[in-house]
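One structure below.
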Protein chains: 2
Amino acid sequence: MAMLQVGNDRQVMPYCDEHLAMDFTQQAVILDSERMILTRKEYDLLALLVQHAGEIIPREALLMQVWGYGVEIRTRTLDVHVRRLRKKLGGYADQYIETIFGIGYRFQPFHAPRFFQTHVVKPAMAFGA
Amino acid sequence: MAMLQVGNDRQVMPYCDEHLAMDFTQQAVILDSERMILTRKEYDLLALLVQHAGEIIPREALLMQVWGYGVEIRTRTLDVHVRRLRKKLGGYADQYIETIFGIGYRFQPFHAPRFFQTHVVKPAMAFGA
DNA sequence: TGAACTTGTAAATACTTTGTAAAAAGGGGC
DNA sequence: GCCCCTTTTTACAAAGTATTTACAAGTTCA
């Protein structure tokens with residue numbers, strides 16, 4: 001069974017932390033009070049990551065959700081887009097977008113490591129093993 | 001489907017003691033409020049040990065569960081990985097990861113009572129060959 | 001049509017992870 | 001203490017993966 005589908009648990013409420021705010025209904029992103037100008041793919045990628053904040057998302061899942069690519073496709077497109085995103089995220093880039101070597105990427109909310117106090121309980125199956 | 005399932009007695013609730021916290025669904029480890037950056041093998045190894053905190057786990061069991069090695073394989077890989085883990089655990093290393101000479105390793109929660117720390121070793125059946 | 005922007009790819013570079021070898025240190029029986 | 005076996009430590013090499021840069025093709029829009 002291909003467990004790479006993103007479930008319908010996708011966060012649609014606005015995201016907001018100390019530096020980054022994201023409104024999914026208006027497709028607007030704000031970084032430190034500045035409007036962030038993203039291309040479509042950049043937005044889609046960031047949105048998917050942010051909507052699954054704290055979760056590791058495998059490359060194949062990202063390529064599937066954002067690009068519609070199947071698992072057989074070998075490409076560096078994702079990496080390049082992550083880079084473009086990180087560039088626009090400025091100094092917070094590496095704090096926000098974490099590389100999970102050999103697996104994929106993960107968005108971490110700013111000052112995230114408090115995972116035992118947040119009560120955001122999500123079904124751990126969204127991305128399968 | 002992932003075939004290398006570990007026994008179903010494995011702890012999935014987060015682990016947490018005075019210094020170390022571990023969330024197995026997010027694959028996140030925190031040591032004294034700092035996020036601990038682990039490689040895959042390091043994480044797998046630590047997770048297995050922590051999920052069996054207090055139990056002696058024989059080398060062969062670790063090599064089998066984390067590496068998929070059979071009993072015939074002779075290697076020092078495990079030792080080296082334990083060392084890398086200990087390094088990242090800093091000053092708590094020896095408190096947390098105990099060497100059971102001639103048998104294997106054991107993870108001990110911080111300030112765990114050591115009443116039964118003897119060298120008479122009876123490996124739990126869970127890891128029997 | 002032309003300018004500005006978006007996107008995917010190629011290729012070079014940089015970096016990470018991992019296992020092994022080998023020397024040093026430690027344990028335990030006698 | 002001595003010997004043998006186990007563990008620790010260091011260093012290194014191979015393989016794999018990610019990052020970065022540059023470019024060319026494709027879009028959009030006036």
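To find a chain, count down the sequence lines: A is the first, B the second, and so on, and within it residues start at 1.
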Rounded to whole angstroms, how far apart are [atom1] on [X] and [atom2] on [N]?
X	N	atom1	atom2	value
A:Phe101	D:dT17	CZ	P	7 Å
A:Arg76	D:dT19	CZ	P	9 Å
A:Ile97	D:dT20	CD1	C1'	16 Å
B:Arg86	D:dT9	CZ	P	7 Å
A:Leu63	C:dT7	CG	P	15 Å
A:Arg74	D:dT17	CZ	P	11 Å
A:Leu78	C:dG8	CG	P	11 Å
A:Ile103	D:dT17	CD1	C1'	11 Å

So [X], base contact, sugar-phosphate only, or nothing? Heavy-atom distance under 4.0 Å.
X	answer
A:Thr77	base
B:Val80	base
B:Tyr43	nothing

Heavy-atom side-chain contact between [X] and [Y] under 4.5 Å:
X	Y	value
B:Lys88	B:Leu38	yes
A:Glu98	A:Ile100	yes
B:Leu20	B:Tyr92	no

Between [X] and [N], is there a side-chain N or O to OP1/OP2 distance below 4.0 Å?
X	N	answer
B:Thr99	D:dT8	yes
A:His81	C:dG8	yes
B:Thr39	C:dT16	no
B:Tyr69	C:dT18	no

Quick check: any donor-acceptor pair below 3.5 Å linking the side-chain of A:Arg84 to the base of C:dG8?
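Side chain to base: pair present.
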So which nucleotide from [options] ends up closest to the side chain of [X]?
X	options	result
B:Arg40	D:dT10, D:dT20, C:dT18	C:dT18
B:Trp67	C:dT7, C:dG19, D:dT19	C:dG19
B:Tyr105	C:dT16, C:dT7, D:dT8	D:dT8
B:Arg59	D:dT7, C:dT7, D:dA18	D:dT7
A:Arg83	D:dT8, C:dT18, D:dT21	D:dT21

Regarding B:Thr75 and B:Arg59, is there a side-chain donor-to-acceptor distance under 3.5 Å anywhere?
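Their side chains do not contain a donor-acceptor pair, so the 3.5 Å distance test is not met.
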Which heavy atom in A:Ile103 sits nearest to a heavy atom in A:Glu60, and how many Å separate them?
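So the two residues come closest at O-OE2, 4.4 Å.
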Over all atoms of both residues, closest heavy-atom pair of B:Val66 and B:Leu45
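In this case the closest contact between B:Val66 and B:Leu45 is CG2-CA, 4.0 Å.
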